[in-house]
Amino acid sequence: SQDVFILQQPSAAPPPKTLPLRPIEWGQLNFISTTDTHGWLAGHLLQPSYAADWGDYASFIEHIKETADEKGVDVIVVDDGDQHDGNGLSDATFPNGEVSQKILMMAPIDLMSIGNHELYKCEVTQQTYDMLAPHFDGRYLTSNVEIMLSNGSWVHIGQRSYRFTTKNQGINIMSFGFLFDFKLNCNNSRVSNVEDVVKQAWFQSAIREPGIDMFLVFGHYPIRFWPEIWAIHRAIRAVHKSIPIQYFGGHSHVRDFAVLDSRASALQAGRFLETVGWLSIDGLEPGKSEHSPDYDKPLKYSRRYLDFNPYSLSFHTNKTLGPDGTFATKNGKKISKLIDEYRIQLNLTYPFGCVPTDYLLEKAMYPGPNSLLSLLEDHVLENLVGDDVTLHGNSRLIFINSGSLRYDMYEGIFTVDSGYIVSPFDNAWLYIPSVPHSIAKEILGKLNSLDYIFMELTTPISRTMMVRQQNLGDTFDINVMNSLISAMSGPKDQEDLRTTGYVTIDDYGMDGDDTPHKPYPLYYLPNAVATKDAFPGDGSDPEATDVIFLDFMKPFVLDALTKINSTTPKDDWKVLEYGGKPVKELIKDYVRGWGTDCIKDMK
Ligand SMILES: O=c1ccn([C@@H]2O[C@H](COP(=O)(O)O)[C@@H](O)[C@H]2O)c(=O)[nH]1
Ligand SMILES: [Zn+2]
Ligand SMILES: [Zn+2]
């Protein structure tokens, strides 16, 4: 059994106080939004720019709501799903989210939708139905997602729609919460295609209800490039030519703002509680008939991506930090205390070893000395030992999808929590024995080919890069993109900036990031990497090799094999359980080998 080890919380590091922030712009209707929080409710303990926690967020919302009332305007708080898989607080319990979802529900969020990470595991979907949907009492929206109850009947996990009137401006809003066309869900849930759902009678009659001033369509779908948002937009616009529509999206883990037309826009608030999205709208005319002659005037929007740190959140609420400060509310303090207590109870602060340097995902060149993918490929995966001893010593190709690694590994103490942060999934290993090498050697190329872009295997990070590239024109050249970002940020300005962070280019330009940053480097990541193990010592190829991969990759590997060798039907490939430790444990073992000097230094 492990001793409880309480580390000094690095979040005690001073926040970046001197950064120039601008006050947020308020409108008649304002939104605060988060998405893809993936359990990061404790915040980023190693990164001061994102070191607020969910308690700070609750305090922020409470103050903003108070200010809205004082100003006589409205504020709506939205979360777009994906609350599991990414952090010890959500993933160290069974079912995942048992503790973190209770904490999540303590913040005064108005509307929430479901993400794909609430659907991979049956027990998590059940938990969502049992815990979140009732808590939100009609405001947890799953317009195209159902669950099968124990009696075999299908019901929506939350509600399909929610209609309400805002408190101060009296805006009559019809809202929906959609999930993208997700296919890898456990069999106790059912996701209907967005394109089909918007044709259904309930949706068609909801959008025709009289007296609606605007539509609010939020949920877990990317706001750019993916077809879902346009399917919804076309359906609403077919009935209402110019009624205001506001979209909030998620899933691709980017900061983004898109203009759909002069009275419809969409915001996406990044990932992992690095970002709080702010959006305000002016020019709404509640109660006015959409058939009035001057109804279709363009709306005025302001959008901002706030870095998730206490300094930024307190600045925007005009409150002070510190033990005697006015920022932390009673509820906020309670949440922060609970988070700290649960982190200790779950042993998340227990240290395994000391990481000698940063190992990064998209922020480092792959392959390269600081690439986390290279570390796995060159040093960690070869330590996988399968259960069947008769296989030991066989030539093998071991594949992982880069999306299974979710966050950078930073120099310094590596804790139980770090294990979940880097590799949250407990995907099992599968293998296909003795695949002719002439076929096996083609698999990686197929998995990384463009056919797989936008498929589920693609890392959220590659999707992020595509969004950023696309916003800069049609080029897919990452170097061109990076130099453009640097040029547009201005080299002189960059010297003055202290923190590295996101530099977002969206449909309104480059002034959305509230804290101006030196841009993070951004490198191309492949969908998958593979380690060669026990190949002939003379450098020749083996005749056949065992092909080993994470269970999550099975449909993609079989698909790749079929493309390479169309004469063997998919079902003829014998896929077996390989056994062995999950990626997280292999990483922990490797980290142990780096020693514990940094921990001794702290004691
Ligand atoms: O068991 C799993 C489940 C998912 N993944 C990876 O996660 C992404 C999806 O994450 P989002 O946060 O919804 O974007 C998926 O594409 C896989 O890369 C996994 O590796 N194992
Ligand atoms: Zn996500
Ligand atoms: Zn997602």
Side-chain angles (χ1 to χ4, degrees), residues 21-35 60-61 64-65 67-68 71-80 110-111 166 168-176 212-219 221-225 229-230 232-233 236-237 240-250 252 254-270 275-286 288 290 294-307 312 316 467-468 470-471 502-516:
L21 299 176
R22 300 157 286 164
I24 41 181
E25 285 176 43
W26 286 80
Q28 270 172 289
L29 180 59
N30 306 277
F31 292 91
I32 301 172
S33 112
T34 49
T35 188
F60 173 75
I61 298 173
I64 292 280
K65 285 191 169 183
T67 309
K71 288 179 183 286
V73 298
D74 290 303
V75 63
I76 300 173
V77 187
V78 178
D79 182 90
D80 293 309
D110 297 311
L111 292 162
T166 62
N168 294 318
Q169 294 272 316
I171 306 163
N172 207 304
I173 300 180
M174 173 63 86
S175 59
F176 305 105
I212 296 171
D213 294 318
M214 77 175 276
F215 288 95
L216 167 59
V217 185
F218 64 101
Y221 53 84
I223 61 166
R224 200 181 290 277
F225 305 134
I229 185 168
W230 285 103
I232 303 165
H233 196 58
I236 301 178
R237 279 284 173 258
H240 303 279
K241 210 165 69 46
S242 44
I243 201 165
I245 313 174
Q246 186 56 49
Y247 296 91
F248 287 89
S252 47
V254 290
R255 294 177 170 189
D256 199 8
F257 176 73
V259 175
L260 285 88
D261 60 41
S262 65
R263 289 166 71 83
S265 76
L267 185 84
Q268 206 175 312
T275 305
V276 175
W278 172 261
L279 181 93
S280 64
I281 313 179
D282 263 327
L284 299 166
E285 296 169 291
K288 183 163 181 173
E290 57 181 311
D294 60 343
Y295 182 77
D296 57 357
K297 287 193 299 273
L299 296 174
K300 183 177 174 292
Y301 298 99
S302 162
R303 54 80 181 96
R304 202 73 72 73
Y305 312 104
L306 314 183
D307 279 1
S312 164
H316 290 297
V467 169
R468 292 180 63 170
Q470 208 73 24
N471 286 4
Y502 293 108
V503 175
T504 309
I505 304 152
D506 62 22
D507 283 3
Y508 268 18
M510 285 186 69
D511 60 353
D513 299 298
D514 188 46
T515 306

How long is the span from the [atom1] atom in [X] to the [atom2] atom in [Y], to the nearest 0.5 Å?
| X | Y | atom1 | atom2 | answer |
| --- | --- | --- | --- | --- |
| Ile171 | Gln28 | CD1 | CD | 5.5 Å |
| Gln169 | Lys71 | CD | NZ | 12.0 Å |
| Ile223 | Asp256 | CD1 | CG | 4.0 Å |

Can you tell me if Thr166 uses its side chain to pair, donor with acceptor, with the backbone of Asp74 under 3.5 Å?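 Here the side-chain-to-backbone pair does not exist.
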Are any side-chain N or O atoms of Asp507 and backbone N or O atoms of Val259, one a donor and one an acceptor, separated by less than 3.5 Å?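 The answer is yes, because a donor-acceptor pair under 3.5 Å joins these two groups.
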Closer than 4.0 angstrom, basic N to acidic O: yes or no for Glu285 and Lys297? yes
Just to verify, what does Asp296 make a salt bridge (charged side-chain N to carboxylate O under 4.0 Å, His left out) with, not counting sequence neighbours?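 Partners of Asp296 by the salt bridge (charged side-chain N to carboxylate O under 4.0 Å, His left out) criterion come out as none, since no residue qualifies.
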Just by distance, no angles: are the side chains of [X] and [Y] close enough, under 3.5 Å, to form a donor-acceptor pair?
| X | Y | answer |
| --- | --- | --- |
| Ser242 | Glu290 | no |
| Tyr502 | Asp307 | no |
| Arg255 | Thr275 | yes |

Has Lys241 got more than 12 heavy atoms of other residues, nucleotides or ligands less than 6.0 Å from its NZ?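 Result for NZ/Lys241: open.
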Contacts of type side chain to side chain donor-acceptor pair (under 3.5 Å), residue Thr35, not counting sequence neighbours: none
Could you walk me through whether Tyr221 and Asp80 pass side chain to side chain donor-acceptor pair (under 3.5 Å), step by step? CA-CA 9 Å; Tyr221 53 84; Asp80 293 309; over 6 Å; no
Tell me, with the steps shown, if Lys288 and Asp294 meet salt bridge (charged side-chain N to carboxylate O under 4.0 Å, His left out). CA-CA 10 Å; Lys288 183 163 181 173; Asp294 60 343; 2.9 Å; yes
Which atom pair, heavy atoms only, marks the closest approach of Pro23 to Arg304?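 Taking Pro23 first and Arg304 second, the nearest heavy atoms are O-NH2, 3.0 Å.
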Which heavy atom of Gly170 sits nearest to which heavy atom of Asp213, and what is that distance? O-OD2, 3.8 Å
Aromatic ring proximity Phe218/Tyr247, centre distance under 6.0 Å: no
